[in-house]
Chemist: 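Once you've had a glance at the structure underneath, I'll fire off some questions.
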There are 2 protein chains.
Amino acid sequence: MGKRVTIQDLAKELNTTASTISRALHDHPGISKTMTKRVKELALKRNYRVNSVASSLRAGKSKTIGVIVPMINRDFFANVISGIEEIAFQNGFNVIICQSDNKVEKEIQHINTLISSGVAGVLVSLGFETSDYKPFDKISQLGIPLIFFDRAPSHEKSIKIVNNDKAGAYKAVQHLIDMGYKRIAHLAGPDNLSLYKDRKEGYIEALKDHGLPIEEKLIVSHNLKREAGYEAMKKLMKYKNPPDAIFSASDYSALGALLYLKEERIKVPEEVGIVGFSNEGFTKLTGPEITSVDQHGKEIGKYSAKVFFEEMASDVFIPRTIILDPKLIIRGSSLRNKKTID
Amino acid sequence: MGKRVTIQDLAKELNTTASTISRALHDHPGISKTMTKRVKELALKRNYRVNSVASSLRAGKSKTIGVIVPMINRDFFANVISGIEEIAFQNGFNVIICQSDNKVEKEIQHINTLISSGVAGVLVSLGFETSDYKPFDKISQLGIPLIFFDRAPSHEKSIKIVNNDKAGAYKAVQHLIDMGYKRIAHLAGPDNLSLYKDRKEGYIEALKDHGLPIEEKLIVSHNLKREAGYEAMKKLMKYKNPPDAIFSASDYSALGALLYLKEERIKVPEEVGIVGFSNEGFTKLTGPEITSVDQHGKEIGKYSAKVFFEEMASDVFIPRTIILDPKLIIRGSSLRNKKTID
DNA sequence: AATAACTCAACAAACGTTTGCATATATTAT
DNA sequence: ATAATATATGCAAACGTTTGTTGAGTTATT
């Protein structure tokens, strides 16, 4: 069980001091080429690794980025994380990932541990119960860059990387209209998160633009889960005048809706069309495959990380929002021959 | 942009020293109740957070666990990580997650950064190209507990938490035999990872125990991906005497096989039965749903973390293997009425 | 009353790195 | 030859926490 090699050890072996070793390893111009070479060779030979705890302490911050997401076992978040990691590692940073499980108290706990561990920045996607953003202020107050992605606060005082959810929703609904669906219902998420609000607005706007009426009872708020989608679908189909298409703010509830319809032997897409949101991996594995709005998670992750590095370099804080345009992936659940009545 | 509060700040405010503050916060018996109370109140008021970088440096190790996995966008790994986090956070630890993307060089890079960041322990699931375990020795040599889970080295000198893959495979194949399938093919993973070797052995043993012949050409090695499963299935079905069932070491390739069969209008499970491995989320979303072997990832994660804490507490290293029994989840892809010939 | 025992808090060092400043040697200019 | 400059290295402090040791003050013991 060997003790870890430090620059002191290297210094002793070369009859010099820690400062010289440190400078040599960092290619400081004040150190001679020969010395630099000797040091680097010895460091390699002795398998020296910088103690980044010590260097973080000295520097006042670490080369670590904290990421808080609701959960990692969602394709979208897993992809975002991959994107973040890619950029982070390129810059010699590593990443601490925290799952909030959509719970406010866990978010707060994670904020505290991240601050304690001296992260250089924090990237957050909010849980959908979070409406109080104060706990996050602690981070900014300490001068730690704070960047929201995907699920961001509704106010304008932060840095956000988000999808243009409204445009995505609009595309989805427009597509359903193009396919000839007339009574399009919406499974909506909680309004306190702007992205769900935006999806709903996109839905409404698309209907309006095409002269279709907005019916309150066709908009069902739910918790985005499969079960909720199933129940919502059941409820909707019990109406005297049921919808002929569903645009869901979540793939999971879209799947729930699909499962209900299959149980009831209602044909998809012939009788009812379905479009989901997020392009989860499973959407191309169902029968029929589910049309969905892709949010290119990896890109969002990369952007978020890049913005963090920008933010770290600059010393003025400029709130801003970067909006990425999502893409509609059309699949079987909404692809029917257009039935025109007129 | 407020400066961070330190114990020095608190000490100054209470006309005492940092050591007293530190001890008070840790309920050291040598500090009076009154003093302890005063300190804690002030700490709360000033929103003091321990600087864990400093405390890690002082302690010689941090309260962080490093986790290296091939990728996080797999249900199994996502669940393992959830399990690890749960136990870690209970113990006041946090978790750094690194994705190796199944690349050896990334594993090595991650090992180095984890050592640099002074993690207290490392939990690893190997990439499937890793056959040289030496890079991991560095970790143990520094006295850092190293625990493998799921994809572990084949040798006996490490601590591992693994599934009883052989038993899982045996159950899967036995089930296929029970269902009346006679020519069962196996989509095998690389032999250098014990878990794939074990799955193959379970397959072979089950066949033997039931008096079925082992045919080399029914065992196809592949890279576990969907595309490979598709191609393997295509190849197998071209034989003059094709298999009537597939036991795949991966759900993804099982899905690939299923997709090929559907394309060819070969009925599952009537003509060909399919069983996968891992119980990925999508297996219950396909048509028909795919029978699979569940590895209860969350449990593995929890075990791994617990073993790490045990290991940290003890000072003798005892190589050991903890084996969890996987469970067969029977679904539509293998559930047919038994056809007996005899 | 003198000493022992105890309680509480301060002192100081250490963890490993980085960096401003000082110093010593070598080089060049005058 | 001497002063000015350049080059290369050493010294020491700092980051914030923890902890062994010391010391002052108080209470108990004889």
Side-chain angles (χ1 to χ4, degrees), chain A residues 2-40 42-43 46-64 92 113 115-120 142-143, chain B residues 2-40 42-43 46-64 92 113 115-120 142-143:
Chain A
K3 221 38 230 123
R4 208 167 146 174
V5 179
T6 72
I7 52 176
Q8 319 277 353
D9 301 330
L10 301 184
K12 208 168 287 172
E13 200 164 341
L14 291 182
N15 273 316
T16 178
T17 58
S19 45
T20 301
I21 304 290
S22 174
R23 280 191 253 251
L25 291 174
H26 289 89
D27 285 313
H28 189 283
I31 302 293
S32 63
K33 309 244 177 306
T34 38
M35 184 52 126
T36 301
K37 189 156 166 268
R38 287 212 299 152
V39 169
K40 286 189 172 176
L42 185 67
R46 294 274 169 274
N47 201 19
Y48 167 79
R49 303 266 133 231
V50 66
N51 179 334
S52 43
V53 174
S55 99
S56 297
L57 177 61
R58 160 75 212 207
K61 62 184 164 198
S62 71
K63 289 200 157 200
T64 303
T113 53
I115 290 178
S116 268
S117 12
V119 291
L142 291 166
Chain B
K3 218 43 226 125
R4 208 167 147 174
V5 179
T6 72
I7 52 175
Q8 319 277 352
D9 301 329
L10 301 184
K12 207 167 289 172
E13 199 164 343
L14 291 182
N15 273 317
T16 177
T17 58
S19 48
T20 301
I21 304 289
S22 174
R23 279 192 252 252
L25 290 174
H26 288 89
D27 285 312
H28 190 281
I31 303 293
S32 64
K33 309 250 177 304
T34 37
M35 185 52 127
T36 301
K37 192 157 164 267
R38 287 212 299 152
V39 169
K40 286 190 172 174
L42 185 68
R46 294 274 169 274
N47 201 19
Y48 168 77
R49 304 267 133 230
V50 67
N51 180 334
S52 43
V53 174
S55 105
S56 297
L57 176 60
R58 160 74 213 207
K61 63 186 163 195
S62 73
K63 288 200 158 201
T64 303
T113 54
I115 291 178
S116 268
S117 14
V119 292
L142 291 167

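So you know, we letter chains A, B, ... as the sequences are listed, proteins then strands, and number each from 1. None of the values given here were measured: they were computed from a predicted structure.
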Chemist: Who pairs with B/Arg38 by salt bridge (Lys or Arg N to Asp or Glu O under 4.0 Å), at least two apart in sequence or on another chain?
Modeler: none
Chemist: Ignoring hydrogens and angles, tell me if any N or O in the side chain of A/His28 forms a donor-acceptor pair with the backbone of A/Gly30 under 3.5 Å.
Modeler: yes
Chemist: Flag the pair A/Ile7 / A/Leu25 as yes when at least one side-chain heavy-atom distance between them is below 4.5 Å, and no otherwise.
Modeler: yes
Chemist: A/Ser62: what forms a side chain to side chain contact (heavy atoms under 4.5 Å, CB included) with it, not counting sequence neighbours?
Modeler: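 Only A/Ser56, A/Thr64 meet the side chain to side chain contact (heavy atoms under 4.5 Å, CB included) criterion with A/Ser62.
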Chemist: Base, sugar-phosphate, or nothing: which does B/Ser22 touch, judged by heavy atoms less than 4.0 Å apart?
Modeler: base
Chemist: Taking N or O atoms only and anything under 3.5 Å, show me the protein contacts with nucleotides 5-8 of chain C, one pair per line.
Modeler:
none

Chemist: Kindly write out the residues that satisfy salt bridge (Lys or Arg N to Asp or Glu O under 4.0 Å) with A/Lys40, not counting sequence neighbours, or none if the list is empty.
Modeler: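 In terms of salt bridge (Lys or Arg N to Asp or Glu O under 4.0 Å), with neighbours along the sequence ignored, A/Lys40 is linked to A/Asp27.
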Chemist: For DNA chain D, find the residues of residues 51-60 of chain B with a heavy-atom distance under 4.0 Å and give them by number; none if there aren't any.
Modeler: B/Asn51, B/Ala54, B/Ser55, B/Arg58
Chemist: Write down the atom of A/Ala18, the atom of A/Ala11, and the distance for their closest heavy-atom approach.
Modeler: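 Between these two residues, the closest heavy atoms are N-CB, 3.6 Å.
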Chemist: Pairs under 3.5 angstrom, nitrogen or oxygen only, protein versus nucleotides 20-24 of chain C, please.
Modeler:
{"unit_1": "C/dG20", "atom_1": "O6", "unit_2": "A/Arg23", "atom_2": "NH2", "d": "2.7"}

Chemist: Looking only at heavy atoms, what is the nearest atom pair of A/Ser52 and B/Ser116, with distance?
Modeler: OG-O, 2.6 Å
Chemist: Is any side-chain nitrogen or oxygen of A/His26 closer than 4.0 Å to OP1 or OP2 of C/dT18?
Modeler: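 Affirmative; the distance criterion is met.
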Chemist: Select base, sugar-phosphate, or nothing to describe what A/Asn15 touches, counting heavy atoms under 4.0 Å on all strands.
Modeler: sugar-phosphate
Chemist: Reading DNA chain D 5' to 3', which nucleotide is the first, and which the last, to come under 4.0 Å of any heavy atom in chain A?
Modeler: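 That gives a stretch of D/dA8 to D/dG16.
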Chemist: Can you name the side chain to side chain donor-acceptor pair (under 3.5 Å) partners of B/Thr113, sequence neighbours left out?
Modeler: none
Chemist: Through what angle, rounded to 10 degrees, does the axis of the helix from C/dA1-D/dT30 to C/dT30-D/dA1 turn between its ends, using five pairs per end?
Modeler: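 For the helix from C/dA1-D/dT30 to C/dT30-D/dA1, the axes at either end differ by 60°.
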Chemist: Salt bridge (Lys or Arg N to Asp or Glu O under 4.0 Å) with A/Lys61: which residues, sequence neighbours excluded?
Modeler: none
Chemist: Donor-acceptor pair, A/Arg4 side chain versus B/Gly60 backbone, under 3.5 Å?
Modeler: no
Chemist: List in chain and number order the residues that pass side chain to side chain donor-acceptor pair (under 3.5 Å) with B/Arg49, two or more places apart in sequence or in another chain; answer none if no residue qualifies.
Modeler: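 For B/Arg49 the side chain to side chain donor-acceptor pair (under 3.5 Å) partners, ignoring immediate neighbours, are A/Asn112.
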Chemist: Could you please spell out the steps behind the side-chain contact (heavy atoms from CB on, under 4.5 Å) verdict for A/Leu14 and A/Thr20?
Modeler: CA-CA 10 Å; A/Leu14 291 182; A/Thr20 301; over 6 Å; no
Chemist: Measure the shortest side-chain to side-chain distance between A/Asp9 and A/Glu13 over non-hydrogen atoms and say whether it is less than 4.5 angstrom.
Modeler: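 Side-chain contact under 4.5 Å: no.
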Chemist: Scan A/Ile31, A/Leu42, A/Leu10, A/Thr6 and name whichever one has a side chain to side chain contact (heavy atoms under 4.5 Å, CB included) with A/Ile21.
Modeler: A/Leu10
Chemist: With sequence neighbours excluded, what pairs up with A/Arg58 under the side chain to side chain donor-acceptor pair (under 3.5 Å) test?
Modeler: none
